[in-house]
J.: 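To start, I am sharing the structure in question, which I have written as structure tokens.
Proteins get letters first, then strands, A, B, ... in listed order; numbering begins at 1 in each.
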Number of protein chains: 2
Amino acid sequence: MPRKRVTLADVARRAGLSTTAASMILNGRPDTRLSKEAHERVHTAAAELGYRPNVAARGLRTDTTHTIGFVSDSVATTRFAGGLIQGALDAARQAGHVVLVAETGGDPKRESEAIAALLDRQVDGIIFATVRARELVVPELPDGTAAIMLNATSTRHPTAVLPDEDLGGRTAVGLLAEAGHAQGIALVGQSDDAEHGLFRSSTVARRVAGIRVAMAEHRLAFTAEASTWEWEPHNGYTITDALLRRDPGVRALLCLNDRLAFGAYQALAEHGLRVPQDVSVVSFDDDEIAAYLRPGLTTIALPHLAMGRRAVELLLGSAPRSEVLLPMPVVTRGSIAAPR
Amino acid sequence: MPRKRVTLADVARRAGLSTTAASMILNGRPDTRLSKEAHERVHTAAAELGYRPNVAARGLRTDTTHTIGFVSDSVATTRFAGGLIQGALDAARQAGHVVLVAETGGDPKRESEAIAALLDRQVDGIIFATVRARELVVPELPDGTAAIMLNATSTRHPTAVLPDEDLGGRTAVGLLAEAGHAQGIALVGQSDDAEHGLFRSSTVARRVAGIRVAMAEHRLAFTAEASTWEWEPHNGYTITDALLRRDPGVRALLCLNDRLAFGAYQALAEHGLRVPQDVSVVSFDDDEIAAYLRPGLTTIALPHLAMGRRAVELLLGSAPRSEVLLPMPVVTRGSIAAPR
DNA sequence: CACGCAAGCTAAATCCTTTTAGCAATGGAG
DNA sequence: CTCCATTGCTAAAAGGATTTAGCTTGCGTG
């Protein structure tokens, strides 16, 4: 039972040297002139005692705590973007850092409290993340505290890690075009008519823009577009059901996220239509339900894991003051086929 | 732009007092004899300068950092148990604490590294959590570092927060019995015949035990039991499909978790059976898919949020050296009806 | 008038580490 | 033999707080 922590002084005493010597040796200072023998004595003493430096005390002197802050609305606690934090934790661990996590639920008051609490603990930097990419108002941080926006943007902190939604949108269209779909393609989740002044996340706008550009490039047009505010399964069901009643000629659904696609599946089944033989479905996010559906949903994934990793790397390295866009990989399952 | 942090010495200087006085006043020491006026001067000075104490420096002296560690296999990064960390973060925040999160992926080496990293930062205590409740081998911690097991157990650290699975199991049976189901009830996920020596999580054993006791109490018996190792939608589908082929008289499914139920829904639909008119379904966990299904799945929820909260409260208060069982609430949706 | 006591405050030690400045011994050069 | 450079090491300060011990001052009492 370890009674008390071993301190540097204990190590020095056992090695018969000063704490100065012990500190220099353990930190591997290059310019030191301590003897080979001293090095050895200190290292064995440290090992024998199981010495671990007190990071707080060190931080007091060096102004670096090997601790980073991760503040988000609800990344760690909801299922949608766990990859962000997973990537961040993993990269931090590999870099010998540790992560203080705070969730704000989107409340600015809680956010500023969280930031204060992190700064009180002298974090080396802070990552600001959101579940649904959006603009975030983040206060200025003290000198020497870096900030990275993760799946979010901020005018004050220009370094942001985001999915390459534009390319992702084009990719989705490409998948349908490649499969031979030329008509009867419906867009589920948004319609240009209905979206006037609607606030959507900044990245979703890019997703849709990419889709429209690619449609034009392939000389394709949607036969129908259905808008809904909330991208939940229920809405996907309702929209798709209405769509199928109006237009029986639908051959492919381009759903703006997987939960909409989930609802679409339910509506298709009720209309006696099979995926993918009768109707192809492609979607975005690679939500976990995408793998649960029958057949599995082909979807353009949000590269959350890679994004989280990258954010930490940027925080600990020297970051460009600009956006970093990460590619959205295609996850091919069984929901796309050639039209009959 | 805040150049440098304000220190206690700055506050004292501005108030025209010693740091001793400033410290005592700001910490509200009761026995001090400093004048009313001194109190006022210090408080206004602190407010004007925006003073925030350096937690690391304080911790050096007081041995308390207002920081707790949360180490889990993958609670923060997968979708299954986000409530655990959400509750913990929330309770910690309310108590003025901050949480260092580390994930081990179940790897003992990473676990011991994580523990060391947390101890290096002088955390006040550590919560050990698992996604699927199980026994965890946790090393002894230094004196003064408390440990709480969350959704996990450990012989070394007896304080554990767990769902009351036994009661939950009984409740599920009760729901079917109340609805009038007396025969044609099938158990999906486990069968006593097939489970010899199978390792299941400790709490799942209690869930099943509760179910069996309640069945006996209600003088009921399962018409079929189907075992599967992985409780995933795919297996739920396969099991249920086989079940329905063998026995068309099934009127109710008691699924051991929601993902199995999800697969069961798919199989029922393919057999032309409607939920709940033809077959009732009840299940466990209140996974997020439970709300997505049509009709919504009635399920016995894992009280993750409350568990996370409680773990922090126990860590910061005086904890009993025993298990704390939290009730599993019924989430009533539309999947149970009276048999026809 | 000396003494004791309370009120109001501060100096200095302490927590653990890093870092600056410098000391003592040795050997070689002039 | 003196001086200087080098080697090998240490004392002490610093970082920002808390805490112990104790120092003034003024007043009331005997």
J.: Between B/Arg156 and B/Val138, is there a side-chain heavy-atom distance shorter than 4.5 Å?
T.: no

J.: If only atom types and distance count, is the side chain of A/Asp120 paired as donor or acceptor with the main-chain N or O of B/Arg52 below 3.5 Å?
T.: no

J.: Name all residues meeting the side-chain contact (heavy atoms from CB on, under 4.5 Å) criterion together with B/Pro139; count only those two or more places apart in sequence or in a different chain, and write none if there are none.
T.: B/Glu111, B/Ile115

J.: For B/Ile25 and C/dC9, give me the distance from atom CD1 to atom C1', rounded to whole Å.
T.: 10 Å

J.: With rounding to the nearest 0.5 Å, note down the distance linking CE in A/Met149 to CG in A/Leu314.
T.: 13.0 Å

J.: For B/Thr67 and B/Arg121, test the side chains for any donor-to-acceptor distance below 3.5 angstrom and give the result as yes or no.
T.: no

J.: Using atom NE2 of A/His66 as one end and atom C1' of C/dT17 as the other, report the distance to the nearest whole Å.
T.: 14 Å

J.: Listed by chain and number, what are the side-chain contact (heavy atoms from CB on, under 4.5 Å) partners of B/Ala114, not counting sequence neighbours?
T.: B/Ala102

J.: Whole-Å distance between C/dC16 P and B/Gln122 CD?
T.: 9 Å

J.: Counting C-beta onward and ignoring hydrogens, is there a side-chain heavy-atom pair between A/Leu315 and A/Asp124 closer than 4.5 Å?
T.: no

J.: Counting only non-hydrogen atoms, which of residues 37-45 of chain B are less than 4.0 Å from DNA chain C?
T.: B/Ala38

J.: Yes or no on side chain to side chain contact (heavy atoms under 4.5 Å, CB included) for A/Glu103 and A/Val71, after CA distance, side-chain angles and deciding distance?
T.: CA-CA 6 Å; A/Glu103 303 249 299; A/Val71 2; over 6 Å; no

J.: Examine C/dC9: is either OP1 or OP2 under 4.0 Å from a nitrogen or oxygen in the side chain of B/Ser35? Give yes or no.
T.: yes

J.: When you compare the protein's N or O atoms with those of nucleotides 17-21 of chain D, which come within less than 3.5 Å of each other, and at what distance?
T.:
residue, atom, partner, partner atom, Å
D/dA17, OP1, B/Tyr51, OH, 2.8
D/dA17, OP1, B/Asn54, N, 2.9
D/dA17, OP2, B/Leu8, N, 2.3
D/dA17, O5', B/Tyr51, OH, 3.4
D/dT18, OP1, B/Asn27, OD1, 3.4
D/dT18, OP1, B/Asn27, ND2, 2.9
D/dT18, OP1, B/Arg58, NE, 3.1
D/dT18, OP1, B/Arg58, NH2, 3.2
D/dT18, OP2, B/Ser23, OG, 2.7
D/dT18, OP2, B/Asn27, ND2, 3.3
D/dT18, O2, B/Arg61, NH1, 2.5
D/dT19, OP2, B/Arg29, NH2, 3.4
D/dT19, O4', B/Arg61, NH1, 3.1
D/dT19, O4, B/Thr20, OG1, 3.1

J.: CG of B/Asp120 versus C1' of C/dC15: gap in Å, rounded?
T.: 16 Å

J.: Within the distance-only criterion (no hydrogens, no angle test), does the side chain of B/Arg5 pair as donor or acceptor with the backbone N or O of A/Leu119 below 3.5 angstrom?
T.: yes

J.: With heavy-atom distances below 4.5 Å as the criterion, would you say the side chains of B/Val99 and B/His97 are in contact?
T.: no

J.: What do the steps show when you test A/Leu8 against A/Leu26 for side chain to side chain contact (heavy atoms under 4.5 Å, CB included), and what is the final call?
T.: CA-CA 10 Å; A/Leu8 184 63; A/Leu26 290 177; 3.8 Å; yes

J.: Can you tell me if B/Thr159 uses its side chain to pair, donor with acceptor, with the backbone of B/Pro320 under 3.5 Å?
T.: yes

J.: What's touching nucleotides 22-24 of chain D from the protein side, N or O pairs under 3.5 Å?
T.:
none

J.: For the helix from C/dC1-D/dG30 to C/dG30-D/dC1, what angle lies between the axis at the first five pairs and the axis at the last five pairs, to 10 degrees?
T.: 80°

J.: Let me know, please, whether B/Leu60 or B/Lys36 comes out on the 5' side of the other along DNA chain C by nearest nucleotide.
T.: B/Lys36

J.: Could you tell me whether B/Arg41 and B/Glu37 have a side-chain N and a carboxylate O separated by less than 4.0 Å?
T.: yes

